[in-house]
Amino acid sequence: MFPRPIQERSRSRQLMYKVALPISLIIWLLPMIAIVATAGRSLSDLNRGNYWGMPSEWAFIENFAKVFGSSSIGTYLLNSVIITLPSIAGALFLSTLAGAGLALYKFRGRFLILALFIAGNFVPFQILMIPVRQLTLALCVYDTYWGVILFQIAFQTGFCTFFMRNFIAELPFELVEAARAEGVGEWQILVHIIVPLVRPALAALAVLQFTFIWNDFFWPLVVIRTSRLLTPPAGIAFFANADGGENWGVVMAAGVVVITPLLLMFLIARRHFIASLAQGATKG
């Protein structure tokens with residue numbers, strides 16, 4: 001059912017694997033390498049078309065100093081923290097409740113409800129732009145943090161519920177039955193039994209949701225009008241346009257600043273993230 005480990009393959013297959021793996025990694029990391037390389041180039045190098053060669057002079061300090069001195073990158077990062085953390089907390093809370101309900105209780109229509117959660121992920125989010133904007137105006141949350149937070153929670157809960165339902169469904173149901181036999185309430189079962197067992201899944205989801213929400217470019221532009229409330233992806237676009245889009249070294253330096261929290265997030269939660277993948281790989 002599963003592919004054999006590479007150690008059990010023939011020597012020729014192992015050699016192909018050892019050659020193809022680093023080449024694939026380099027190709028996959030090429031955009032990131034380009035961003036970091038451009039962030040250290042001077043404007044004169046870029047004007048001469050020297051994108052991949054050795055720079056005539058390094059401009060890392062100059063470019064990053066301009067990012068922090070001439071842009072509102074600090075405000076953009078703070079805005080993203082204010083939006084991302086409550087959005088993750090809300091999506092994980094609701095998806096854990098919904099996932100546990102769909103996995104632990106047998107009732108008519110539960111598969112239809114799960115199908116609706118899944119179907120929502122296939123809707124092109126661009127077609128929701130006008131309805132979402134109108135809803136934010138009706139709810140008086142347009143051009144506020146809460147406008148983005150509420151709709152990020154709504155959009156991310158479908159995928160998270162699907163993920164959590166499948167993970168909870170694989171847990172030993174005997175633990176829940178034993179707790180119910182001892183008179184433990186449903187809420188206590190969720191808090192003291194289900195949540196500790198699905199902690200790796202919650203950590204993995206938190207990393208994924210942090211990446212999705214932090215990198216979101218579309219919804220802040222739809223819901224937010226004031227530039228000081230923008231998140232980093234939209235803020236960088238605003239900064240690039242304000243700078244004339246000429247000095248791409250500065251713009252790429254801003255990109256490096258924006259992706260640094262994502263790398264830190266993964267490094268902090270990598271143990272739980274890998275544990276979730278390993279636990280999912282051994283199910284069944």
Side-chain angles (χ1 to χ4, degrees), residues 17-85 87-88 152 203-221 227-274 277:
Y17 175 80
K18 291 179 181 179
V19 173
L21 181 61
I23 295 176
S24 301
L25 287 175
I26 291 174
I27 295 175
W28 184 67
L29 291 172
L30 199 58
M32 185 66 63
I33 296 172
I35 291 174
V36 176
T38 306
R41 296 183 185 276
S42 63
L43 180 60
S44 59
D45 261 359
L46 295 172
N47 289 337
R48 287 196 300 267
N50 182 15
Y51 303 119
W52 294 101
M54 183 63 66
S56 59
E57 58 177 337
W58 292 102
F60 272 110
I61 297 178
E62 177 184 347
N63 289 341
F64 281 96
K66 190 170 183 180
V67 169
F68 287 100
S70 304
S71 71
S72 303
I73 191 67
T75 302
Y76 298 151
L77 292 172
L78 179 60
N79 292 340
S80 199
V81 171
I82 294 174
I83 291 172
T84 302
L85 296 184
S87 299
I88 294 174
Q152 288 289 7
L205 268 182
V207 174
L208 292 176
Q209 294 305 307
F210 188 88
T211 303
F212 296 156
I213 299 172
W214 187 276
N215 286 334
D216 186 29
F217 174 78
F218 185 76
W219 289 117
L221 287 181
S227 60
R228 63 180 177 82
L229 299 179
L230 291 175
T231 55
I236 288 179
F238 182 82
F239 172 61
N241 292 331
D243 198 42
E246 297 178 355
N247 195 345
W248 285 104
V250 177
V251 176
M252 293 301 104
V256 172
V257 173
V258 171
I259 64 176
T260 299
L262 297 176
L263 299 177
L264 295 176
M265 177 67 177
F266 179 78
L267 291 175
I268 292 172
R270 69 185 186 278
R271 181 170 61 88
H272 296 290
F273 188 77
I274 295 173
L277 296 180

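Keep in mind that what you see is a predicted model, and the values were worked out from it rather than measured.
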*Is the CD1 atom of I61 crowded by more than 12 outside heavy atoms at less than 6.0 Å?*
no

_Validation row: L262, N215 side chains within 4.5 angstrom (heavy atoms)_ = yes

*Under a 4.5 Å cut-off applied to non-hydrogen side-chain atoms, are W219 and T231 in contact?*
no

Please list every donor-acceptor pair under 3.5 Å in which a side-chain atom of residues 73-85 meets a protein atom from a residue at least two apart or in another chain.
from	atom 1	to	atom 2	distance (Å)
N79	OD1	Y145	OH	2.5
N79	ND2	T75	O	3.2
N79	ND2	R228	O	2.7
N79	ND2	L230	O	2.8
T84	OG1	S80	O	2.6

*Looking at CD1 of I26 and CG of L21, how far apart are the two atoms once the value is rounded to the nearest 0.5 Å?*
10.0 Å

Side-chain donor-acceptor distances from residues 205-214 under 3.5 Å, at least two apart:
from	atom 1	to	atom 2	distance (Å)
T211	OG1	V207	O	2.9
W214	NE1	V258	O	3.0

*Is there a donor-acceptor pair closer than 3.5 Å between any side-chain N or O of N63 and the backbone N or O of R41?*
yes

_Which residues share a side chain to side chain donor-acceptor pair (under 3.5 Å) with D216, sequence neighbours left out_ = Q152

